[in-house]
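The first residue of the sequence shown is numbered 1, and numbering continues consecutively from there. Computed over heavy atoms, backbone and side chain alike; hydrogens, waters and symmetry mates excluded. All ligand and atom numbering here is 1-based and tracks the order in the structure.
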Amino acid sequence: MIERLRQPPRQREFDDPDERSTPVPRGLAALAAALVAWGAWYITTLEGTADPSLGDRRTVAALAAATAPGGGSDGGQLFASKCAACHQASGTGVAGVFPPLAGSAWVTGSPTRLVQILLHGIQGPLDVNGVTYNGLMPPWKSLRDDEIAALATYVRTSWGNGADAVFTATVAEQRAATAGRTTPWGGGAELATVP
Ligand code: HEC
């Protein structure tokens, strides 16, 4: 310091501050930019459903489909708007015309067969709780997988029915397995062949 004061006035001056023109040291800025670029590369090249032994890399969508039957769709509301007109809100149907869903083995039995009934409908003689029906159950394949899962879960768990939930993934599998089908199931005889 004393050394400096002995110098002529101009050399005594300190350098002008440069914080305003370069607030962040260039090296640090370059390092931060490199980290951001590496992060972007890492995220975009990350495989969502890679080998689980490398850690849990399942995506949120995959987990939601596997854990939430119907993935958030409201089965009760869908039933009221799509099915209750024929099968009645009480699930008892209309004697001789629309079969009951309450206590029906088609509903509480195989979940995959129930999904097939909902996807493609039924046309042909069908025994429900000891009564033979021969009407037309419309196909519902225009509904989303999660909606059909929610509906199936709703009918399996309402009006005293105590069957387990149906998952969206099951509906997706069943839809893919019968993608080529354009006609309804031909009544109880053909449905008996559906696992
Ligand atoms: C237009 C009237 C109608 C609508 C709407 C309808 N169904 Fe049906 N459903 C029928 C008829 C009729 C049968 C019997 C078909 C037969 O006799 O071959 C049936 C049969 C069924 C069966 C198998 C038999 C039983 O009683 O267990 C299930 C399960 C079923 N329907 C569920 C549903 C669900 C869930 C919905 C709403 C997405 C729905 N249906 C909408 C008329 C309807």
Check: Gln123 N/O within less than 3.5 Å of ligand 1 N/O
no

May I ask you to check whether Cys86 brings an N, O or S atom to under 2.8 Å from atom 8 (Fe) of ligand 1?
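Given the 2.8 Å cut-off, Cys86 does not count as a ligand of atom 8 (Fe) of ligand 1.
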
Give me the residue, atom name and distance of the protein heavy atom closest to [atom].
atom                    : answer
atom 37 (C) of ligand 1 : Cys83 SG, 1.8 Å
atom 8 (Fe) of ligand 1 : His87 NE2, 1.9 Å
atom 24 (C) of ligand 1 : Leu126 CD2, 3.6 Å
atom 33 (C) of ligand 1 : Met137 CE, 3.2 Å
atom 5 (C) of ligand 1  : Lys82 O, 3.3 Å

For the rings on Trp106 and Tyr133, is their centre-to-centre separation under 6.0 Å?
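No, they do not, as the ring centres are separated by 6.0 Å or more.
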
Of all the atoms in ligand 1, which lie at a distance below 4.0 Å from a heavy atom belonging to [X]?
X      : answer
Leu151 : 38 (C)
Asn134 : 17 (O)
Phe98  : 2 (C), 12 (C), 42 (C)
Leu114 : 29 (C)
Ile122 : 18 (O), 20 (C), 23 (C)
Gly124 : 16 (C), 17 (O), 18 (O)

[options]: member with heavy atom nearest to [atom]:
atom                    : options                        : value
atom 28 (C) of ligand 1 : Leu118, Thr92, Val107, Leu101  : Leu101
atom 11 (C) of ligand 1 : Pro99, Gly75, Gly135           : Pro99
atom 26 (O) of ligand 1 : Ser104, Gly186, Pro100, Pro125 : Pro100

Using a 4.0 Å heavy-atom cut-off, which part of Tyr133 comes near ligand 1: side chain, backbone, both, or neither?
both

Exam field: side chain [X] to backbone [Y], donor-acceptor pair closer than 3.5 Å:
X      : Y      : value
Thr193 : Glu190 : yes
His120 : Thr183 : no
Thr178 : Arg181 : no
Arg175 : Lys141 : yes

If we only count heavy atoms from C-beta on, is the [X] to [Y] side-chain gap below 4.5 Å?
X      : Y      : result
His87  : Phe79  : yes
Val128 : Pro100 : yes
Pro125 : Asn134 : yes

Would Leu118 and Leu143 count as a side chain to side chain contact (heavy atoms under 4.5 Å, CB included) if you check the C-alpha gap in whole Å, the side-chain angles of each, and the deciding distance to 0.1 Å?
CA-CA 9 Å; Leu118 295 183; Leu143 296 179; over 6 Å; no

dist Leu151:CG -> Ser81:OG (nearest 0.5 Å) comes out at 8.0 Å

Atom CD of Glu147 and atom OG1 of Thr168: how far apart are they, to the nearest 0.5 Å?
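Rounded to the nearest 0.5 Å, the CD-OG1 separation comes to 10.0 Å.
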
Would you call Pro138 a ligand 1 contact, heavy-atom distance under 4.0 Å?
yes

Quick one: does Val97 get a heavy atom under 4.0 Å from ligand 1?
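Yes, Val97 has heavy atoms under 4.0 Å from ligand 1.
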
When Thr170, Val171, Asp164 are each screened for side-chain contact (heavy atoms from CB on, under 4.5 Å) with Phe167, the one that passes is Thr170

